[in-house]
Amino acid sequence: MIDALRREFARRGWEPFAFQKATWDAYGRGESGLVQAQTGTGKTLAAWGGMLIEECGRREAGEGVRGKAGGKTGIRYLWLTPMRALAGDTHKSLVEAAGWVGLGAEGGEAFGIELRTGDTSSAMKVRQRDKPPAVLITTPESLSVMLSYPVMREHLAAVRGVVVDEWHELLGTKRGVQTELCLAAVRGLAAGGAGGADGAAMRVWGLSATVGNTGQALDALLGSGPQRERARLVTSDVGKEYRFEVLIPEAIERFPWAGHLGIRMLEPVLARIESAASTLVFTNTRSQSEIWFQSILRARPDLIGQVAIHHGSLDRDVRTRVEEMVKGGKLRAVVCTSSLDLGVDFPPVDQVIQIGSPKGVARLVQRAGRSGHQPGRVSSIVCVPTNALELVEFAAARDAVMSREIETREALTMSLDVLCQHILTTACGSGPEGMSAEALRDEVRTTHAFAGMSDEQFGWAMDFARQGGQALTAYGRFARLVERVDEQTGEVRYVVANQPLVKLHRLGIGTITSDPAMKVTTRGGAVLGTIEEGFIAKLSPGDVFVFSGRRLRLVKVHQMTAITEPALNVKSGMVPAWAGTRMPLSHELAEAVKVKLAAADGGDFASAEMAAVRPLLELQQAWSALPKPGTLVIERLRSREGYHAFVYPLAGRLVHEGLVALAAYRIAARSPHTFSMSASDYGFELLSQTPFDLDAGAWREVLAAERLTEDLLGCVNQAELARRQFREIARIAGLIVPSYPGQARSARSLQASSELFFDVFSEFDPQNMLLGQARREVMERQLEFGRMKRALEAIGRMEIVIKAVPKLTPFAFPLWVDRLRSQLSSEKVEDRIARMIGHLEDAAGTVAEPEFADLQDAGELPSKARRGRRADGKTKAKVPWRRPRL
DNA sequence: GACCTGCTGCGGTATG
């Protein structure tokens, strides 16, 4: 290690950790790799330390600081981060560290460390074009935009080191795929540029939190080739200690069996907030954060001004202000969503509170890490259950953290929409010289995402980029690439048809798509944030709703903007609902829950949480049985509503949504039934007006893994799902004209055009590979097909236990509530509650269990009873398969 | 006896 750095470390009393030194050494040897470490253990230092050491070495060897590697000026180091805010923070610490080792300035020429994100001014971008910095901190999207400029490609040829921060955040997303493609491009440029000429091949280092599949993380980061073979995995040796505390509800007997809001726990949470100087309160949803924020201030008006709210729909200025206040230690508490999972380099907050299930082990660790965000400090988190079963989830999550059962992040492959975008980006960046399709194909194939790409697939993507594929050939707008034959070599190269297309393409670079939302402003025009169009559409002027921690009255809607004024002296307001995906319980956490339940089944209630839920679990045991590994519990219940079956595979909500449709379909194929359905993270419910009696053998057939694909296609409206999924694909692949920044575009128009493309392709170009991709994405993302298949295979090996139960069991109750909620969602809340209680009394009181069992054994129900069930007019319409998005 | 939810992230241009 160079002296200046060593001195600086000594002055601060730091001794570099072994993993940091290992990274520096590997970096010095020209190797690539992945640094895996928990947040707050110094992994960024591991990455930039290597860079700085190398730069100091170069300087000692007499090379200038800026440029001149191999005689060429250019960007020598690239630092990618998934967030603009992180880019800013990284920039600050890098500049500071460069100062430590005397790289601040040299001969009047500063060692350039610069930022480039969407926030970067055009003046700065122009300067970077004319005079590239030595180190550039940027995002994957900005890197992609850079690759669309011929000049910037020249600068990138000097790159010798790339750091990809928070790689786990990108892995498993299309942003990750885009990063892979960009890295392959930079690698290609560097091989022919100064970095290569310099003798040192381009190194790539990923920085990541713990992931369950490091091998794949490395594959995706480095692609194929020599750098992968010599790749290093450096795991932090810094012991990070976690403390998980669970707030146990006082009156557990009265603690709800279902629900996710948790306001009941307000008082103990308030006590915690008051006991610490600064607290982050994580909630799972934006509206939950609004509700909690309101409730906290209502209960403690003295905290007004000291508590803030932060989530993704709030205006960026508002969020930035909140972040600054947290950094300045001016707030007691911030109620937030994942928006503060990472991204802001806080001084460690005193305390982190998690309201409700984190749904995954990694997320819990991530959030805990926001406290004690320094090597050697304990990170602790206070977990607040919102329903009784979450006590089990928290206990299970803690076990999983201790045994390091962390979720895997599967890298995506063959995302053709991203490839189509990348092809055009590359063409833009190739300028008048044009792009060679063969060279690009070979380069793309070095990525993990497209390693298995066939010539046919690439050819199709090229054709699509060139002229919009078969169906759109006639439209000039999609004639985007022009062939240019080199007269001497006869080689075909591709050039972008015209300059406006280049500009338009740059506008659309990126893989993040979001539902267009309506801006919410005050009368004065101050922007508060955005709310989904559908919510505002339900309101009329004068209506009051809660947003951004305020009560607002809708004045009017004008040009995609909801203009509001403060609503004073109003007690209640609707909390906006945003469209979003429901995060399913992760596989890892679900498995840990099963283990906990098995232990409980054996009488082990060792932890405080398990002791607290004991009465509930014992009730479940007494009335039915506890689901656990190796056992599939199915409950039969007859109520006034009809005939219920509750099944508990514990495979996460998405899988259960698929399974319930599948089970209904297969049962109905045996004999006609109409089912109502519901699904949760624990299991699913089928409800029919007519009895459906299945023994263990029959259930085995209904839940067989064989013919899964065929039957699933039979019961799920895949075409419609794919049609919706296509929106994202159409956007990324460049079919939809992007709107200029700041210009809102209504959800309807966006959807209309993507659906139009979908229909046109379906009819005139059925071989269009983007259609196939939409179907595949539906299977993988919305149905979690792989997990569903594994769940069914596991069920095939399980013992099936069928219990006829007298009333809704603790595990059944949440499912029942969920179904009612979805069916009655248009009714007023009060009516709903009244009805539910009515139902509950029925379910619990009037139906005798033996009768049900007897009747089922007899295979038929007396006609009188059947008529009786129907006479109350509660015939349930079949609930169509739905995914509440859009 | 019990019920009011639904994440995050990015991106364009520019002369004198």
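Note on naming: letters A, B, ... go to the chains in the order of the sequence lines (proteins, then strands), and numbering restarts at 1 for each one. These numbers were taken from a predicted model, which means no experiment stands behind them.
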Thr511(A) vs dC10(B): side-chain N/O to OP1/OP2 distance below 4.0 Å: no

No-hydrogen, no-angle side-chain donor-acceptor test under 3.5 Å, His422(A) and Gln178(A): no

Phosphate OP1/OP2 of dC10(B) contacted by Arg116(A) side-chain N/O (<4.0 Å): no

OP1 or OP2 of dG11(B) under 4.0 Å from side-chain N/O of Ser144(A): no

Distance below 4.0 Å between Thr139(A) side-chain N/O and dG11(B) OP1 or OP2: yes

Between P of dC4(B) and CH2 of Trp816(A), the distance in whole Å: 12 Å

Proximal nucleotide (of dG9(B), dG12(B), dC7(B)) relative to the Arg506(A) side chain: dG12(B)

Donor on one side chain, acceptor on other, Thr425(A) and His505(A), under 3.5 Å: yes

Given dC10(B), dT8(B), dC3(B), the nucleotide with the shortest approach to the side chain of Arg84(A): dC10(B)

base_contact_polar (dC7(B) base, Ser338(A) side chain, donor-acceptor, <3.5 Å): yes

Residue-phosphate contact under 4.0 Å: Arg286(A) side-chain N/O, dT8(B) OP1/OP2: yes

Ser639(A)-His644(A) side chain donor-acceptor pair, cut-off 3.5 Å: yes

Ring-face cation of Arg506(A) near Tyr149(A) (centre distance under 6.0 Å, axis angle within 45°): yes

His260(A) side chain, from C-beta outward: closest of dT5(B), dG11(B), dG9(B): dT5(B)

